[in-house]
Asker: 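Quick one: structure below, then a few questions.
Note on naming: letters A, B, ... go to the chains in the order of the sequence lines (proteins, then strands), and numbering restarts at 1 for each one. Source: prediction; values computed, not measured.
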Amino acid sequence: MSDYNHCAIEKKWQKIWAKNKIFESKENSSQEKYYCLEMLPYPSGNLHMGHVRNYSIGDVCARFNRMKGKNVLYSMGWDAFGLPAENAAIKNKIHPAKWTKQNISCMKEQLKALGFSYDWSREIATCDAEYYRWTQWLFIKMWEKGLVFRKSANVNWCPSCKTVLANEQVSNGLCWRCNSQTEHKDLEQWFIKITSYADELLYGHKHLQGWPEQVLLMQKNWIGKSCGTEIGFWIAGRDKKLKIFTTRPDTIFGVTFMVIAPEHELINEMKSQIVNYDKVSEYVLASSRKSNKERSSSKEKTGIRLEGVNAINPATEKEIPIFTADYVLTGYGTGAIMAVPAHDQRDWDFAKKYNVPIIEVIKGNNFGVNNCAYEGEGNLVNSGQFNDIKSTEAFDRIAQWIQEQGFGKQTVNYKLKDWLISRQRYWGTPIPMIYCKDCGIVTVPEKDLPVLLPEDVKFTGEGDSPLKTSKTFVHVKCPKCGKDAQRETDTMDTFVDSSWYYARYCDVHNNDAVFDSSKLNYWMPVNQYIGGIEHASMHLIYARFWYKFMRDLGIVKDDEPFAKLLTQGMVTLGGSAMSKSKGNIVSPDEIIPRYGADTLRLFILFAAPVEKQLDWSSDGIEGCWRFINRVWRLFYIVVNTKSVEVACQKDKDSLLKLMHQTIKKVTCDIGEKLQLNTAISFIMELVNALYVYKYHSNDDGLSLKVYETVILLMAPFTPHLCEELWQKLWHSDSISTHAWPIFDENTIKESYVEIPVQINGKLKGKITVPTDAQELEVKNIINTDNKIMLHLEGKQMLKFLYIKNEIVTIVVKNL
RNA sequence: GCCGAGGUGGUGGAAUGGCAGACACGCGAGACUCAAAAUCUCGAGUCGCUUUGGCGGCGUAUGGGUUCAAGUCCCAUCCUCGGCACCA
């Protein structure tokens with residue numbers, strides 16, 4: 001008997017898999033396809049347990065479906081552009097491309113050491129020119145479709161470095177490099193009109209039955225469609241209106257003040273009328289230093305009145321004050337609200353603080369009690385001709401009245417904003433646009449793609465986009481008129497790169513087109529997408545949007561890219577997510593030398609259900625190591641041990657039954673429920689049963705058959721071990737492509753079931769009854785059960801309930 | 001603040017409204033051993049009672065509710081985590 005040598009076994013099989021190319025896949029219209037996809041990683045340089053978990057789940061799906069006879073596409077790539085590479089360039093004077101390539105090669109080695117069954121011939125990196133060439137091509141198509149536009153937008157700005165900062169580069173309002181107070185600044189930016197697809201992104205949810213409900217809900221709230229009314233409030237004594245959006249037109253008679261965002265143009269326009277302009281502009285400056293999150297999360301709302309400027313409530317025709325307050329954000333609606341303190345808690349608190357009148361317009365029971373606004377429904381009061389009407393009914397009638405009177409109109413509003421994709425950075429896909437004095441904005445012709453990132457760039461962390469420092473990049477001839485022109489020096493948000501990579505996997509090496517649609521249509525949609533829940537509302541909306549755009553371009557045929565989604569839980573260390581930037585990483589390199597990849601994979605899947613957060617601890621890995629060794633030793637027991645006793649039929653029957661039950665449960669847990677932790681525990685139970693079973697090698701091959709089943713069921717989890725044992729069991733094929741075991745429903749069927757008997761909700765005994773027994777039969781059995789009858793003695797039976805094969809429950813009272 | 005999750009033994013976790021704690025970790029006992037490790041087998045939520053066969057109370061963050069029956073459904077509260085648009 002030889003010891004389990006994971007190092008040798010894992011290296012051996014990784015070599016064989018690579019040599020025989022068994023995971024490379026080709027389109028085959030006669031075979032059912034299965035596309036398994038994991039969210040592509042950022043090449044930070046080191047795999048952590050979050051990655052290991054993500055890809056272990058994916059590999060189980062891929063391997064399981066391969067054994068089920070499907071043609072599996074399973075690939076890996078790198079979301080290789082992004083901020084950290086540029087930060088490394090600034091700090092360590094290493095070129096972002098070099099840094100990224102080093103990281104990729106390290107992480108690729110780690111992935112290979114884990115034995116994931118990727119088709120490495122399809123690997124991509126979004127920073128490779130043959131990839132970003134097509135990102136640029138798609139961007140140009142988007143421009144041609146009218147989905148790209150330029151507008152001014154707010155960015156974080158460090159006045160000392162004179163550079164744009166990412167949110168991550170600002171902490172507590174200070175610059176990451178020089179600790180200066182940062183500001184907000186408006187810059188001309190590139191946007192993609194994702195809002196054109198807002199409705200479709202929302203209604204498309206009905207095709208996403210394979211998605212978790214919580215993700216759909218988060219997306220729904222993110223898109224934030226609300227039907228309401230846009231109303232213009234006259235500025236008193238001016239020929240000017242202040243436009244607001246409200247979802248509560250029924251409360252218009254209760255509007256006692258207005259609030260506008262500090263960035264609202266009205267402040268500048270009314271500068272000379274605002275009596276306390278100095279104080280107002282002080283407030284505006286202070287809020288420009290806060291992040292949106294800070295602005296909306298402070299419990300105590302602050303604001304300041306624009307003295308000397310009033311609005312007129314169109315319903316009451318009364319003058320009302322206007323405030324500016326930073327809890328009103330400029331990006332949503334019109335950047336201004338009508339405030340109804342009586343029926344909105346935030347407005348109530350604000351009105352109390354700044355001494356604004358509160359007028360009740362909907363009658364409620366506990367109006368004002370405990371300093372609470374009444375946010376429920378009721379009949380209208382103080383509302384002129386609408387008094388005594390129910391608020392639900394008044395909603396439509398007042399909205400209609402507002403429209404008739406010309407105060408405003410019914411409209412739809414979304415929280416979803418257009419997608420700001422330009423970055424003033426080097427390490428991203430260059431935006432393929434040219435500025436010509438005569439022709440304006442001109443796209444780079446297709447034949448000139450890709451627009452390559454230049455090498456001669458300085459990384460200082462200061463000043464404008466680094467691309468401007470290149471001598472070769474900026475100056476170019478206008479493709480239209482041939483005169484001197486300048487290239488766009490902004491690059492794209494990395495979310496653009498990761499919005500379409502799954503499509504490129506279908507046809508990675510295509511040099512003539514973004515992909516061949518026939519290949520894409522064979523593989524898409526992705527059958528199972530796996531990634532972190534943190535991507536619920538950004539990446540997963542961007543990717544869905546991009547796919548719909550490609551459909552409208554005529555190069556893909558479905559509406560949705562991902563049929564099923566699994567949002568895996570975070571792996572945390574000490575409660576917070578593992579990430580290189582936080583420095584709380586546990587690498588697989590710390591585990592594999594001692595325990596092997598198979599043990600690590602098994603452990604991370606066994607430790608918790610896949611969708612739940614998992615706080616990393618290596619306690620318990622010993623258990624998986626022991627289990628794998630048990631399986632290894634079982635080979636010698638099953639093959640060699642000569643039992644003295646002859647196999648007894650009853651034990652044989654129950655072992656066979658357990659085997660079929662286990663196949664059924666494991667197949668269901670992997671294939672349907674994706675409950676991998678319980679799938680593993682069922683296999684453990686079967687292994688335990690094989691250890692207790694006494695008749696190995698003396699039972700006409702039953703235990704050998706059960707053992708082979710164990711190896712097959714484990715193959716997706718611990719592939720190296722299973723390949724090795726499969727070979728030791730005299731098989732010449734690879735277990736990775738061997739057929740998944742099937743179960744027999746007749747063998748599983750039990751003829752008797754044990755069911756609990758409850759009396760007044762307490763468990764008092766158990767009885768064994770024939771499967772599917774009728775109530776009368778069960779009553780007779782209970783009548784012969786002394787223990788239960790003892791509990792019923794001297795009691796009056798009020799209720800007798802029997803749920804077939806489940807439970808008997810009896811309700812009694814004392815006589 | 002807003003949106004979305006989660007909270008079950010000493011620990012990770014299991015449980016279509018129907019026997020709470022499967023499977024593991026850790027712990028304890030036994031077997032094997034000169035001994036130890038490894039291995040194999042067995043035990044255990046907790047408190048109390050016990051004639052040592054068991055019996056009873058209490059138990060799924062907290063407080064209410066629905067139900068013959070609640071970890072699971074409803075309402076409220078507390079705590080932890082994820083996201084909030086330039087980290088990816």
Asker: Are A/Tyr501 and A/Trp546 close enough that their ring centers fall under 6.0 Å?
Answerer: no
Asker: Please determine, for the side chain of A/Tyr42, which listed nucleotide (B/rG56, B/rA88, B/rA85) has the closest atom?
Answerer: B/rA88
Asker: Using atom C1' in both nucleotides, what's the gap between B/rG71 and B/rU16 to the nearest angstrom?
Answerer: 15 Å
Asker: Would you please name every residue forming a salt bridge (charged side-chain N to carboxylate O under 4.0 Å, His left out) with A/Arg177, sequence neighbours left out?
Answerer: A/Glu462
Asker: Report the nucleotide, chosen from B/rU41, B/rC25, B/rG13, that has the shortest atom-to-atom distance to any side-chain atom of A/Lys612.
Answerer: B/rG13
Asker: So, is B/rG53 syn or anti if syn means the angle is within 90° of 0?
Answerer: syn
Asker: Of the candidate nucleotides B/rG82, B/rC68, B/rC86, which contains the atom at the shortest distance from the side chain of A/Asn156?
Answerer: B/rC86
Asker: Mind checking if A/Gln758 touches a base, just sugar-phosphate, or nothing, with heavy atoms under 4.0 Å?
Answerer: base
Asker: Does the ring center of A/Tyr529 lie less than 6.0 Å from the ring center of A/Tyr502?
Answerer: no
Asker: Going by an N to O cut-off under 4.0 Å, is there a salt bridge joining A/Arg150 and A/Glu488?
Answerer: yes
Asker: With the side chain of A/Met218 defined as its heavy atoms from C-beta on, choose the nearest nucleotide among B/rG4, B/rC84, B/rG18.
Answerer: B/rG4
Asker: Classify A/Val155 by what it touches in the nucleic acid, base, sugar-phosphate, or nothing, heavy-atom distance under 4.0 Å.
Answerer: base
Asker: For RNA chain B, determine which residues of residues 681-688 of chain A have any heavy atom closer than 4.0 angstrom to one of its atoms, and list them numerically.
Answerer: A/Ser681, A/Met684, A/Glu685, A/Asn688
Asker: Where the side chain of A/Glu534 is concerned, which of B/rG82, B/rG56, B/rA15 is the nearest nucleotide?
Answerer: B/rG82
Asker: Nearest of B/rC86, B/rC19, B/rC55 to any side-chain atom of A/Lys787?
Answerer: B/rC55
Asker: Can you tell which of B/rC68, B/rG26, B/rA5 lies closest to the side chain of A/Leu217?
Answerer: B/rA5
Asker: In terms of ring plane angle, is the pair A/Phe245 and A/Tyr332 parallel, tilted or perpendicular, where the classes change at 30° and 60°?
Answerer: perpendicular
Asker: If you look at every strand shown and take non-hydrogen atoms under 4.0 Å, does A/Ala607 touch a base, only sugar-phosphate, or nothing?
Answerer: sugar-phosphate
Asker: Taking A/Arg423 for its side chain and A/Ala166 for its backbone only, find out whether a donor-acceptor pair lies under 3.5 Å.
Answerer: no
Asker: Would you please classify the geometry between the A/Tyr542 ring and the A/Phe495 ring as parallel, tilted or perpendicular, with 30° and 60° separating the classes?
Answerer: tilted
Asker: Between B/rC40 and B/rC25, how far apart are the P atoms? Round to whole Å, please.
Answerer: 10 Å
Asker: Just to be sure I understand the rule, does A/Glu294 reach a base, reach only the sugar-phosphate, or reach nothing, if contact means heavy atoms closer than 4.0 Å?
Answerer: nothing
Asker: Measuring to OP1 and OP2 of B/rU41, would you say a side-chain N or O of A/Arg630 lies under 4.0 angstrom away?
Answerer: yes
Asker: Classify A/Thr494 by what it touches in the nucleic acid, base, sugar-phosphate, or nothing, heavy-atom distance under 4.0 Å.
Answerer: sugar-phosphate
Asker: How is A/Gly623 classified with respect to the nucleic acid when contacts are heavy atoms under 4.0 Å: base, sugar-phosphate, or nothing?
Answerer: sugar-phosphate
Asker: Using a heavy-atom cut-off of 4.0 Å across all strands, would you classify A/Leu83 as base, sugar-phosphate, or nothing?
Answerer: sugar-phosphate
Asker: For A/Arg346, which contact category applies under a 4.0 Å heavy-atom criterion: base, sugar-phosphate, or nothing?
Answerer: nothing
Asker: Please determine, for the side chain of A/Pro609, which listed nucleotide (B/rU41, B/rC68, B/rG13) has the closest atom?
Answerer: B/rG13
Asker: Which nucleotide, B/rU41, B/rG82, B/rG26, lies nearest any side-chain atom of A/Arg626?
Answerer: B/rG26
Asker: What base-paired stems does RNA chain B take part in, with at least 3 consecutive Watson-Crick or G-U wobble pairs and both distances under 3.5 Å?
Answerer: B:1-7 with B:78-84, B:10-12 with B:23-25, B:27-31 with B:39-43, B:45-49 with B:54-58, B:61-65 with B:73-77
Asker: Scan A/Ser422 against the nucleic acid and name what it touches under 4.0 Å (heavy atoms): base, sugar-phosphate only, or nothing.
Answerer: base
Asker: Among A/Tyr4, A/Trp625, A/Phe603, A/Phe627, exactly one meets ring pair (Phe, Tyr, Trp, His ring centres under 6.0 Å) together with A/Tyr595. Which residue is that?
Answerer: A/Trp625
Asker: With respect to A/Gln169, which candidate in A/Thr163, A/Asn87, A/Thr182 satisfies the side-chain hydrogen bond (donor to acceptor under 3.5 Å, both in side chains) definition?
Answerer: A/Asn87
Asker: Just to be sure I understand the rule, does A/Asn677 reach a base, reach only the sugar-phosphate, or reach nothing, if contact means heavy atoms closer than 4.0 Å?
Answerer: sugar-phosphate
Asker: Would you mind calling B/rG63 syn or anti? Take O4'-C1'-N9-C4 for purines or O4'-C1'-N1-C2 for pyrimidines, and syn is within 90° of 0.
Answerer: anti
Asker: Touch check for A/Lys415, heavy atoms < 4.0 angstrom, all strands: base, sugar-phosphate only, or nothing?
Answerer: base
Asker: Is A/Val164 touching bases, backbone alone, or none of the nucleic acid, heavy atoms closer than 4.0 Å?
Answerer: base
Asker: Looking at A/Lys193 and A/Asp418, is there a salt bridge between them, counting it only when a charged N and a carboxylate O are closer than 4.0 Å?
Answerer: no
